[in-house]
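Have a look at the structure below, then the notes.
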Amino acid sequence: MSIWEYANPKRFIAVSDRVVPWLSWLAAVLLVVGLGWGFFFVPRAENFEYSVKIIYVHVPSAMMAINIWVMMLVASLVWLIRRHHVSALAARAAAGVGLVMTVMALFTGAVWGQPMWGTWWAWDPRLTSFLILFLFYLGYLALWAAVEDPDAAADLTSVLCLVGSVFAVLSRYAVNFWNQGLHQGATLSLDAEENIADVYWFPLLVCLAGFVVLFLALVFVRTTTEIRLRRVAALQRREAMA
Amino acid sequence: MTLSVTDLSCARGGMPVLEGVSFTLEPGRVLVLRGPNGIGKTTLLRTIAGLQPALSGEITGAEDRVAYGAHADGLKAALTVWENLAFWAGIYGTPLERIKPALFAFDLYPLQYRQAQALSAGQKRRLSLARLLLTGRPVWLLDEPTVSMDAASVGLFAEAVKAQCADGGSALIATHIDLGLETDTLDLTPYKATPVWEFADRAEEEEFFA
Amino acid sequence: MTLSVTDLSCARGGMPVLEGVSFTLEPGRVLVLRGPNGIGKTTLLRTIAGLQPALSGEITGAEDRVAYGAHADGLKAALTVWENLAFWAGIYGTPLERIKPALFAFDLYPLQYRQAQALSAGQKRRLSLARLLLTGRPVWLLDEPTVSMDAASVGLFAEAVKAQCADGGSALIATHIDLGLETDTLDLTPYKATPVWEFADRAEEEEFFA
Amino acid sequence: MIALLRRDLMLAVRAGGGFGLGLAFFLIVVVLVPFGVGPETELLRRIAPGILWVAALLSALLTLDRIFALDWEDGSLALLATSPLPMEGVALVKAAAHWLTTGLPLTLAGPVLGVLLSLDPAVVPVLLASLAIGTPALSVIGAFGAAVTVGLRRGGLLLSLLVLPLYVPTLIFGAEAVRLSAEGQGAGTALLLLGGVTLGTCALLPFAAAAVLRINLRSSA
Amino acid sequence: MIALLRRDLMLAVRAGGGFGLGLAFFLIVVVLVPFGVGPETELLRRIAPGILWVAALLSALLTLDRIFALDWEDGSLALLATSPLPMEGVALVKAAAHWLTTGLPLTLAGPVLGVLLSLDPAVVPVLLASLAIGTPALSVIGAFGAAVTVGLRRGGLLLSLLVLPLYVPTLIFGAEAVRLSAEGQGAGTALLLLGGVTLGTCALLPFAAAAVLRINLRSSA
Ligand code: HEM
Ligand SMILES: Nc1ncnc2c1ncn2[C@@H]1O[C@H](COP(=O)(O)OP(=O)(O)OP(=O)(O)O)[C@@H](O)[C@H]1O
Ligand SMILES: Nc1ncnc2c1ncn2[C@@H]1O[C@H](COP(=O)(O)OP(=O)(O)OP(=O)(O)O)[C@@H](O)[C@H]1O
Ligand SMILES: [Mg+2]
Ligand SMILES: [Mg+2]
C-alpha cells in the first residue's frame with residue numbers, strides 16, 4: 001500500500017493517535033538528555049564564555065525554522081498536485097511550529113548576541129535573512145487566517161509558499177551582497193577540521209534530534225486538530241444546509 | 001451547436017448544492033432556470049460559465065461560446081455608458097459600429113455620455129445587458145437579468161433575447177419573474193444536493209471534509 | 001401620526017429630478033411608488049429618509065420615525081446572520097429577544113449562524129429586510145425590497161408589511177413588481193421635473209448653475 | 001455607541017484586519033529601512049527615532065481607509081445615518097476603534113522594534129510616552145480624512161495625501177521628544193505640546209468628520 | 001489586451017487614481033523623513049538613496065490594491081475571466097498599467113526629490129537607472145500579491161504584509177547600486193543583478209498571478 005493511503009484523514013488520525021505518545025516521550029527524553037548534558041556536563045570553554053550553552057537551544061531551533069519551511073514547501077506541492085487535504089493542513093500545522101522556532105532562534109540569538117557581540121541585534125546576513133524568513137512565516141499564516149473558503153485558502157497559501165521560497169533564496173543572496181557579517185559560519189559542515197570540539201558537538205546532536213522528534217509530534221497533533229476543525233466546520237455546514 | 005449539460009453536480013463554498021442536473025439548449029431556444037432562493041441557480045450558471053469547476057458530470061458546447069451576465073453589473077463608474085460598451089467591444093474584438101445598435105436596443109442612446117455612476121439602478125442594469133450584444137457570443141447565461149428594471153425595459157430585454165434566438169443564438173436565464181417570452185423552463189428544486197458526496201472520486205477523503 | 005409630503009421637489013447629482021410631489025401616508029396604509037427607471041423613486045425615498053435635502057416643499061412626520069431600506073443591503077459579510085441583526089438591534093436599542101421572531105418572519109432561522117457572505121442573493125435581501133423589524137420605526141421606506149427574491153419570500157415580505165400596518169405602522173415602497181398586497185399607488189411619472197429651477201428660492205443664482 | 005464599537009472591534013478581529021496587520025506593516029517598514037540605508041549601527045541609531053515615528057505614522061495611515069469605506073460600500077453607513085446615533089458619535093467611536101486596533105498595538109511594539117534599529121535603551125520610556133500620547137491624534141485626524149474621501153472608490157491614496165500634512169505637527173513633536181532625550185536633553189515640552197495637539201484634535205475633529213460624512217452621504221448614489 | 005490597457009490608463013487618469021497620487025505620496029514620504037530624523041544635511045545625504053528607494057517602494061505598494069480589487073468588486077473581473085483574454089494576459093496588462101501609472105512617474109521624479117535629501121548630483125544617473133530597472137519588478141510582484149488578496153475585502157494591509165518581503169531583493173540591489181556609486185564604487189553588478197530580478201519576475205509571476213486569480217474567482221461569491 002502506498003503512503004498516499006495515509007492521506008485519508010481517518011487513517012491519518014488513527015496513525016497519529018498511535019505514534020504521538022511515543023514521539024512525545026522520545027522527544028522529552030532526548031531534550032532532557034541533550035540540554036542537561038549541554039548545560040551541566042560540558043566543560044567551560046576558554047574562547048566562549050558561559051553563554052555558549054545557548055547554542056543548544058539556538059542552533060536546533062534555527063535549523064528547524066529553516067527546514068520546516070522546506071517541509072511546508074513539499075506539503076504544498078503535494079496538495080497542489082495530488083489534492084490531498086491532509087497535506088495542506090499539515091503544511092499549515094507545520095507553519096505554526098516553524099514560526100515559534102523562528103522566534104526562539106531570534107530570541108536566543110539576541111540574548112546570545114548581547115554577551116558575544118555586545119548588541120542584541122546586528123544586521124548580519126544570517127540574522128537578516130532569518131528575519132525575512134520570519135516575515136514569510138507571518139505572511140503565510142496571515143493568509144491562511146484571512147481566507148474564508150478552506151480549499152481556496154489551501155491553494156493560495158500553497159502558491160504563496162512556492163513563490164515565497166524562491167524569493168527567500170533570492171533574498172539570502174541579496175543580503176549577502178548587501179553586508180558581510182560577524183555571525184558564525186556553518187559549524188556543522190561535514191569536513192571535520194572546522195567543526196567545533198566534540199564535547200560541544202555530541203550534546204548538540206542530541207538536542208537536534210530532540211527538536212526534530214518534538215517537531216514531528218507537534219505536527220501530528222496540530223494536523224489532526226486542523227483535520228478535526230475542518231470536519232466540524234463541514235458538519236456544521238451540513239446542519240445549515242439540511 | 002447545442003449547449004448540453006449531463007448529470008452535472010456543483011458545489012458552492014465547499015458544499016454540494018446541485019446534483020444530477022441534465023439539460024440541453026438548442027440554438028434558437030431560451031431556457032429559464034427557476035427555483036427558490038439559494039437552490040443554486042447562480043452556482044449552476046457560474047459553473048457553466050467556467051468560473052468554477054464542476055464536481056462531476058460534463059458540459060459540452062460552452063467553451064468560448066457563452067457570454068455571462070452576473071448579479072453584479074460589472075460597470076466602470078468613472079466611464080461613460082459609451083466607453084463602458086466600447087471597452088467590452090474591444091475585449092471581444094467587436095467593431096465599434098455595433099455599439100450604437102446596442103445602445104438603441106436598450107434605450108440608452110440618450111444616456112450614452114452619462115457616467116455609469118450617474119445611472120439609476122435600472123439604467124445600470126440595462127447597460128450591463130447591452131454589453132451582451134457586443135460579445136458576439138451565441139449562448140447567453142444570465143443571472144436575474146431584469147432585476148430592478150421597469151416593465152418597458154423588461155420588454156426591451158425580451159426583444160433582445162428574441163433577436164438573439166432569431167439568428168441562431170440561445171439563452172439560459174435564471175429569474176423569478178415572467179419575461180413574457182415563450183420559453184422552456186427548468187425547475188432546479190428536484191436537483192437539490194443531499195449533502196453527501198457519493199459522486200466525489202476518492203469518496204471518503206472528500207466526503208470527510210464536506 | 002401620518003407622514004405627509006407637500007409639493008416636494010428633489011434633485012439628484014445636481015439635476016432636479018422630481019417636482020411638486022405631494023401625498024400623505026396614514027398609519028396602517030401602504031403606498032407603492034411606481035414609475036419607469038430613472039424617474040426618481042430612489043431620490044424621493046432618500047430625501048424623505050433625510051439623506052439628502054429637498055430643493056423645496058416640506059416633509060412632516062418623518063423625523064426619527066422612518067426606517068430606510070436601500071438598494072444596497074448594508075450587511076457585514078464577515079458577521080453571521082444573527083450578529084448582523086444583533087448589531088442593528090443594539091443601534092436602535094431593541095431588546096435582543098426580538099431577533100428570533102425577525103429571523104422566523106423571513107425564514108432565516110436555519111441560516112442564523114451562516115456568515116452573510118455565504119448567503120445567496122435572495123437570502124441576503126431577506127436578511128436586510130429582517131433588519132427593519134428591529135428598528136421599531138413606524139414608517140418603512142423601502143427601495144425595491146423584493147429584488148431577486150422568489151415568490152415564497154415575497155409572500156413573507158407581504159406578511160411582514162401587513163403585520164407592520166396591523167399595529168399602526170405604514171410603508172412607502174418603490175417597486176416594479178406586484179407585491180400581492182392591496183395598497184394605494186403613486187405613479188411618479190407626472191412629477192418628472194422640467195430641468196429649470198423656477199421653484200428654487202434663490203431662483204437666479206441656482207438656475208445659473210443648473 | 002457600544003454596539004457600534006463592539007461590532008467594529010469584532011470585524012477588525014474577524015475580518016483578519018485590525019491588530020496583526022497594522023503591526024506587521026510597522027515591523028516591515030522598520031526592517032526595510034536598513035536594507036535601504038545600509039547596516040551601519042551608529043547611523044541607524046541616529047535615525048532610529050525618526051524612522052520609528054514615520055513608520056508608526058505610515059502604518060496608522062494604511063489602516064485608515066477601513067474606518068468608513070467598508071460601511072460606505074455595503075451601504076450600512078447610510079443606514080447608520082438614518083439611525084438614532086448622532087453622526088458625531090459614529091465618527092468618534094470609529095476613531096476610537098481604529099486607535100484600539102492600531103495605535104495601541106503600535107505603541108506597545110515600538111520599543112521592541114527599537115532594538116532592530118539599535119535605539120539606545122535609555123530613551124525607550126520617552127518613546128513609549130510619545131507614542132501613547134501621539135497615536136490617538138493620528139486616529140482622529142485619520143478618521144476625518146477617511147470621512148472626506150469616503151465617497152471615492154479606493155480613495156485610499158488621496159486619503160494619505162490629505163492626511164499626511166495634517167500629521168506633520170504630531171510627527172515633529174513626537175519624534176523631537178525622542179530625539180531630544182536621545183541627545184540627553186529633556187523631552188518634557190515636546191511631550192506637552194504633543195499632548196496639546198492630541199487633546200485639541202480629539203475635541204474638535206469628530207464634529208468636522210460628522211459634517212463631512214453628511215455631505216458625502218447627501219450626494220452619494 | 002490593448003483595450004484593457006487603454007481602459008486601465010483611462011480609469012487611472014479619470015478616477016483621480018494613478019499618476020498624481022502615487023507621485024504625491026512619494027513626495028510626502030520623502031518630505032516627512034527629514035521632519036523625523038532632523039535636518040542635518042550630511043546625515044540626510046547618507047541616508048538619501050535608501051530613503052528614496054524605500055519611499056518609492058511604499059508608494060508603489062499603496063497603489064497595488066487598485067490593480068485588481070476595483071474590477072473584482074464591480075464584477076468585471078469575473079466577466080473578463082469568461083472573455084477571450086487569457087488570465088495571464090490580464091495579469092500582465094494590469095501590471096504594465098500599474099507600472100505606467102506609478103513606476104514610470106516615480107522614476108522620473110526620483111532625481112528631483114533627491115535634491116530635497118541633498119543627494120549628490122553625481123549619482124543621479126545611477127538613481128534613474130536603478131529605478132527604471134527596478135520598478136517594473138515592483139509592479140509585477142505587486143500584481144501577484146494583489147491577485148492573492150483580491151478576494152478579501154480591504155485586503156490592502158495583508159497585501160503589503162505579503163508583498164514587502166518579496167520586495168527585499170529588489171530594494172537591496174536598487175538601493176545598493178545607488179549607495180555604492182555614492183561611495184564612488186562601481187554600481188554595475190548591482191544593476192545587473194537588479195535587472196536579473198526584474199526579468200525573472202516579469203517572466204514567471206504573471207502565471208502565478210493568473211493561477212491565483214482563477215482560484216479566487218472559483219470560490220468567490
Ligand atoms: C538574533 C540573532 C541570531 C539569529 C537570528 C541567528 C540565527 C542563526 C541561524 C539561522 C543559524 C543557522 C542554523 C544553520 O543553518 O545551521 C544559526 C546558527 C548559529 N548561530 Fe546564530 N543567530 C543569532 C545570533 C547568534 C549569536 C549572537 C551567536 C553567538 C556568537 C550565534 C551563534 C551561532 C552558532 C554557533 C550557530 C551554529 C552555526 C551552524 O552550526 O551552522 N548566533 N544562528
Ligand atoms: N460564498 C458562498 N459560500 C458558501 N455558501 C454559499 C456562498 N454563496 C452562496 N452559498 C450558498 O450556496 C447555495 C446556492 O447559492 P446560489 O447563489 O447559487 O443560490 P441562487 O439560486 O442563486 O439563489 P438566489 O435566487 O437568491 O440568487 C445557497 O444555499 C447559498 O446559501
Ligand atoms: N449619482 C448620481 N448622479 C447624477 N445623477 C444621478 C445619480 N443617480 C441617479 N441619477 C439620475 O437621477 C435620476 C433619478 O434616479 P433614481 O435612482 O432616483 O431613479 P429610480 O426611480 O430609483 O430608478 P430605478 O427604478 O432604476 O431605481 C435618474 O435619471 C438618474 O439618471
Ligand atoms: Mg443567485
Ligand atoms: Mg432606484
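Small disclaimer: the values here were computed from a predicted structure and weren't measured. Below, chain A is the first sequence line, B the second, and so on; all start at residue 1.
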Checklist entry - Between the main-chain N or O of C:Ser148 and the side-chain N or O of B:Asn37, is there a donor-acceptor pair closer than 3.5 Å? => result yes
Next on the checklist: Minimum heavy-atom separation for B:Ser120 and C:Gly38, please, with both atom names.
Outcome noted: OG-N, 3.4 Å
Checklist entry - Any sub-3.5 Å donor-acceptor pair from B:Asp150's side-chain atoms to C:His176's backbone N or O? => result no
Checklist entry - Tell me, side chain or backbone of B:Arg126 under 4.5 Å from chain C's heavy atoms, or both, or neither? => result side chain
Checklist entry - If you count heavy-atom pairs under 4.5 Å between each of B:Arg34, B:Met149, B:Glu144 and chain C, which one has the most? => result B:Met149
Checklist entry - With a cut-off of 6.0 Å (strictly less than), are more than 12 heavy atoms of other residues, nucleotides or ligands near NZ of B:Lys100? => result no
Next on the checklist: Tell me if the CZ atom of B:Phe23 is crowded by more than 12 foreign heavy atoms within 6.0 Å.
Outcome noted: yes
Checklist entry - Which atoms of B:Gln123 come close to chain C, meaning under 4.5 Å heavy atom to heavy atom: side chain ones, backbone ones, both, or neither? => result both
Item to check | Portion of C:Ser153 that has a non-hydrogen atom of chain B nearer than 4.5 angstrom | outcome: side chain
